[in-house]
Protein chains: 2
Amino acid sequence: MADKHPYHHGDLRRALMDGALALVRERGLQSLSLREVASQAGVSAAAPYHHFADKAALVRALGFEALGELDRRMAFAETSAPGDPVERLVAIGSAYVRFALERPDLAALMRAPEMAEPAAAQDQPEHGESWERLVRAVVECQQAGAVAPGDPMTLAIGMWALVQGLAELLASRGADGIPGDPSAFAESVLRVMVPRATHTAPPAPIL
Amino acid sequence: MADKHPYHHGDLRRALMDGALALVRERGLQSLSLREVASQAGVSAAAPYHHFADKAALVRALGFEALGELDRRMAFAETSAPGDPVERLVAIGSAYVRFALERPDLAALMRAPEMAEPAAAQDQPEHGESWERLVRAVVECQQAGAVAPGDPMTLAIGMWALVQGLAELLASRGADGIPGDPSAFAESVLRVMVPRATHTAPPAPIL
DNA sequence: CTGCTAAGTTATCGGTGTCAAGATAGTCGC
DNA sequence: GCGACTATCTTGACACCGATAACTTAGCAG
């Protein structure tokens with residue numbers, strides 16, 4: 001309905017989002033100003049309110065778009081890392097970290113406080129299957145006997161938290177003091193932290 | 001020098017920090033206003049600038065105080081969890097998550113964007129030994145043969161990221177859909193994710 | 001052509017961070 | 001005790017921000 005006939009501006013909503021994203025990219029989410037976004041798009045300061053209820057709504061729209069891009073990257077990582085399921089799990093997680101390192105602006109939008117507000121549940125477009133993909137990868141690892149058995153939800157939450165913490169640590173906080181390529185380092189951390197299945201049957205049989 | 005003789009107000013700096021913390025606690029870091037902090041302390045809007053260069057400086061001071069409290073809790077967890085080094089490591093990590101769940105205000109201050117700015121390196125008071133403590137716990141686990149060998153830094157960063165991600169996931173994001181006590185759940189996740197040493201000597205010796 | 005509604009405008013409000021200049025109150029040297 | 005000095009706080013202002021109300025314009029349906 002709103003995306004068909006460009007009345008005055010020609011899809012202003014899109015222009016606002018693009019401009020806002022550019023501003024976040026170059027000066028950070030912290031100093032994003034709705035007025036500046038508007039004036040950069042060549043419209044008055046009140047115009048955005050015909051497309052977004054709030055400044056928060058704009059940020060949420062961008063955040064969900066960022067989540068979509070993340071989902072796309074993780075999907076690509078899943079399909080292009082065949083064979084060993086553990087390698088696939090690592091690849092999925094690594095894609096997350098790489099995304100946060102390459103696009104800290106999008107990563108910041110994903111974890112913007114506006115995304116945690118209850119209003120965020122309303123305008124969520126497609127519910128994104130990132131979570132299902134991660135659980136699937138964990139289950140496949142377990143079926144292959146490569147990862148410790150147990151509730152896959154627990155493991156998946158652990159992996160998700162690990163990857164998210166790694167991303168924030170390396171992107172937002174400084175990636176100083178670690179050697180070489182941060183993304184390669186993150187991958188090695190991931191590889192170590194995957195909860196591998198213990199190869200012995202009982203723990204230390206007294207022989 | 002500034003903490004000795006209360007000139008007019010009687011340690012206004014402290015009053016501002018306490019008031020600001022109270023405001024963050026009840027309405028969130030997002031809507032913290034320097035003016036409101038000042039007027040709540042019974043002082044004009046410009047008064048805080050004699051004690052903090054910026055609003056960001058106030059937030060950083062609070063953030064470092066929160067880091068100190070976290071450090072205190074992790075230190076307590078370390079000393080009061082003797083015996084099994086893995087249990088100690090889990091206890092330290094669990095203390096982090098519990099802290100973030102109990103005091104989301106302090107957790108938010110710790111990861112405030114102002115803490116990542118380069119200016120944060122200046123006014124850091126005591127450099128906090130949380131990191132050293134974590135590395136120590138990891139090394140002890142390795143010496144006991146309970147945790148996979150390898151660079152302890154890598155493992156410690158993994159644990160730190162895991163615990164940080166877990167805290168953010170459970171605190172900022174909703175802790176919905178997980179069963180029972182969130183902190184107990186986090187502890188179980190931690191326990192699963194600790195990179196245990198494989199109990200076999202070589203990986204599958206062809207016998 | 002006549003409504004009707006979406007889209008954009010101007011004007012304004014209350015609020016915010018920050019600074020400059022002045023007033024005030026303690027401390028120190030004499 | 002007294003003047004100089006400096007730290008502290010106030011007033012007043014500036015520029016900006018998010019948000020709303022009232023008005024104008026543009027495109028479409030009948």
**OP:** Using whole Å, report how far CD of Q30(A) lies from P of dC17(D).
**Re:** 14 Å
Original post:
Per the salt bridge (Lys or Arg N to Asp or Glu O under 4.0 Å) rule, which among R73(B), R72(B), R136(B), R88(B) passes with E78(B)?
Top reply: R136(B)
Original post:
dG8(C) phosphate, OP1 or OP2: any side-chain N/O from H51(A) under 4.0 angstrom?
Top reply: yes
Original post:
Out of curiosity, D151(A) CG to F185(B) CZ, how far, rounded to the nearest 0.5 Å?
Top reply: 7.0 Å
**OP:** Using atom CG of L12(B) as one end and atom P of dA25(C) as the other, report the distance to the nearest whole Å.
**Re:** 16 Å
Original post:
Separation of F52(B) atom CZ from dT8(D) atom C1', in whole Å?
Top reply: 14 Å
Scan nucleotides 14-18 of chain C against the protein and return all N/O pairs shorter than 3.5 Å with their distances rounded to 0.1 Å.
| from | atom 1 | to | atom 2 | distance (Å) |
| --- | --- | --- | --- | --- |
| dT16(C) | OP1 | S33(B) | OG | 3.3 |
| dG17(C) | OP1 | L34(B) | N | 2.9 |
| dG17(C) | OP1 | K55(B) | NZ | 3.3 |
| dG17(C) | OP2 | L34(B) | N | 3.0 |
| dG17(C) | OP2 | R35(B) | N | 3.0 |
| dG17(C) | N7 | R35(B) | NH1 | 2.4 |
| dG17(C) | O6 | R35(B) | NH1 | 2.8 |
| dT18(C) | OP1 | D54(B) | OD2 | 2.9 |
| dT18(C) | OP2 | Y49(B) | OH | 2.8 |
| dT18(C) | OP2 | K55(B) | N | 3.0 |
| dT18(C) | O5' | Y49(B) | OH | 3.2 |
| dT18(C) | O4 | R35(B) | NH1 | 3.4 |

Subject >> Nearest heavy atoms of A45(B) and P48(B), plus distance in Å >> reply: O-CD, 3.4 Å
**OP:** Please state how far atom NE2 in H50(A) lies from atom C1' in dA19(D), giving the value in whole angstrom units.
**Re:** 12 Å
Original post:
Quick one: CD on Q142(B) to CG on L89(B), what's the gap to the nearest 0.5 Å?
Top reply: 10.0 Å
Original post:
M159(A) versus L190(A): any side-chain heavy-atom pair under 4.5 Å?
Top reply: yes
**OP:** Drop me the distance from F99(B)'s CZ to S94(B)'s OG, to the nearest 0.5 angstrom.
**Re:** 13.5 Å
